[in-house]
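Because the structure is a prediction, the values reported are computed rather than measured.
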Amino acid sequence: IYIPKYIRIQRQRAVLYDRLKVPGQIEQFNRALEKNQASNVFRLLAHLRPESHAEKRLRLKQQADGESKGNVKAAEKPRFVK
């Protein structure tokens, strides 16, 4: 039975990948994002960065000032990704 070369290569590659055990810490780099996708992800995550101590202090102070003046508006905590 004749098997084309590209099919043999596909089968051999599948067998090799099944036999090779690669740790997860190394395997994650086999599927890296392209540069434009990575920049989009980093831009999105920059908006979801946790607030710093100074920003939190300022937000809580403004909320306390607003409550002391009679504005009872619960300030929403900013969303972020840990």
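For R8, there are no salt bridge (charged side-chain N to carboxylate O under 4.0 Å, His left out) partners at least two apart in sequence or on another chain. Here R57 pairs with H53 under the side-chain contact (heavy atoms from CB on, under 4.5 Å) rule; sequence neighbours left out.
Remark: the backbone N or O of Q25 is paired with a side-chain donor or acceptor of Q28 at under 3.5 angstrom. Distance alone, capped at 3.5 Å, places no donor-acceptor pair between the Q62 side chain and the R59 backbone.
Note that the CG atom of L60 and the CG atom of D65 stand 11.0 Å from one another [nearest 0.5 Å]. If you take CG on L45 and CZ on F80, they are separated by 13.0 Å, rounding to the nearest 0.5 Å. A distance of 11.0 Å separates CD of Q63 from OG of S68, quoted to the nearest 0.5 Å. Note: K61 NZ to L58 CG = 8.0 Å, rounded to the nearest 0.5 Å. Taking CD of E55 as the start and CZ of R49 as the end, the distance is 9.0 Å to the nearest 0.5 Å. The CD atom of Q10 lies 13.5 Å from the NZ atom of K5; values are rounded to the nearest 0.5 Å.
For the residue pair N30/E27, the side-chain donor-acceptor check at 3.5 Å is satisfied.
The hydrophobic cluster containing I3 also contains Y6, counting ILVMFWY residues as joined when their side-chain heavy atoms lie under 4.5 angstrom apart, directly or transitively.
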